[in-house]
Q: 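Sharing a structure here in structure tokens format.
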Amino acid sequence: MQKSIERIAGDSEGHSYEFPVFRFEGTDKAAPSAYLQAALHAGELPGVVAIDALMPMLEKAEAEGRIKGSITVVPQANPIGRAQYHFGEHQGRFHLGTRTNFNRGFPLLAAPDVELLPDTTLGTADQRLKTRLLQLSIGHDIVLDLHCDDEGLAYLYVHASLWPAMADCAAAMGVDAVILWDEDTDGTFEGASITPYLNLPAEVARFDRRVATTVEYRGILDVDGALAGADAEGLYRLLVARGVVQDQALSTPGSFTGLVAPLENIDMMPAPRAGAVLYKVKPGDRVAEGALLATIVHAPGEAGGRTQLFAPQAGIILTRRSRRIIRAGEDLLKLVGDRKSADARSGTLED
Ligand SMILES: [Zn+2]
């Protein structure tokens, strides 16, 4: 295993950012290669500790000559976001200098060719970081971007072209749900990882062996040793199932039995009033149409000071907010409905 340090120039003289990259050399040129990164949203740490638990497993496999495809690992992909504190609160989702989401604005290339990447020498530091992360990842058959939600189930975003071919991956990882999407106009990292292949001939794009996914490892507070160990084993099982790592002791994953739904089925449930949220449901709950989801206490102690929100359709609660203060218009939760949502915003990749 080789460790190298990447340096990203800052936006002013005298400072720069750095992050380590770990590379395992594969012994079989025909085997699929893999790229794993975590904490692109810098405060989302369940994937970071999962990689921390995965690394010894990969080093053991390397020592035993079982790494077939090359593996590139970036445990903390966003040193800019990691350093951003604003009045004592960590801010790892948006670049404070440009107000841009760290998981938006990646260039959506016409082909998987790093020569097509824009020159960001004169751009801002977050743009340079995004270009570098794509340079590191493009060309790998398997690209995993590890995130987490506020509070939530473990789930994957997967482009429709990769499903159901990726069902073995979802089963190997042991996630609860898979959300399928088909268009990314905002430039998420996942979108930038799969879009270059969409217009290629099938025999070049190789969707049968390609993996690109945003992994949502539950909630922001689910940074836990036992979960990290289980997630590391899930990642390892995926690498074995796809032939990146050889391990005869592992059986092939069974069929995926979790929830699979298109993005357009998600209801985001904006809050009609500002106030304190009393949730009636939690991630994983199955709700009927018309079920009470949450009560917002907007005028405490007053008659009519509470507003209730009901499920617009039957479905499963995928996520909810981790804070209990809400403004009018902010989303309360993600409900994966059994049918297409009536919410016009439904269908955008929201991680
Ligand atoms: Zn994220």
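Every number for a ligand or one of its atoms is a count from 1 in the order of the listing.
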Q: From H147, does some N, O or S atom reach closer than 2.8 Å to the Zn ion (ligand 1)?
A: yes
Q: When E18 is tested against each of R82, R7, R132 for salt bridge (charged side-chain N to carboxylate O under 4.0 Å, His left out), which residue passes?
A: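 Answer to the salt bridge (charged side-chain N to carboxylate O under 4.0 Å, His left out) test with E18 among R82, R7, R132: R7.
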Q: In this structure, which one of R237, R242, R209 forms a salt bridge (charged side-chain N to carboxylate O under 4.0 Å, His left out) with D168?
A: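 Considering R237, R242, R209, a salt bridge (charged side-chain N to carboxylate O under 4.0 Å, His left out) with D168 is found only for R242.
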Q: Check whether any N, O or S atom of D149 sits under 2.8 Å from the Zn ion (ligand 1).
A: no
Q: Using side-chain contact (heavy atoms from CB on, under 4.5 Å) as the criterion, point out the one residue from V287, D343, V281 that pairs with L335.
A: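 Of the listed options, the one satisfying the test is V287.
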Q: Please find the pair of heavy atoms, one from A61 and one from V245, that lie closest to each other, and give the distance.
A: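 Where A61 meets V245 most closely, the heavy atoms are CB-CG1, 3.9 Å.
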Q: If you round to 10 degrees, what value do you get for the angle at the Zn ion (ligand 1) between E44 atom OE1 and H41 atom ND1?
A: 110°
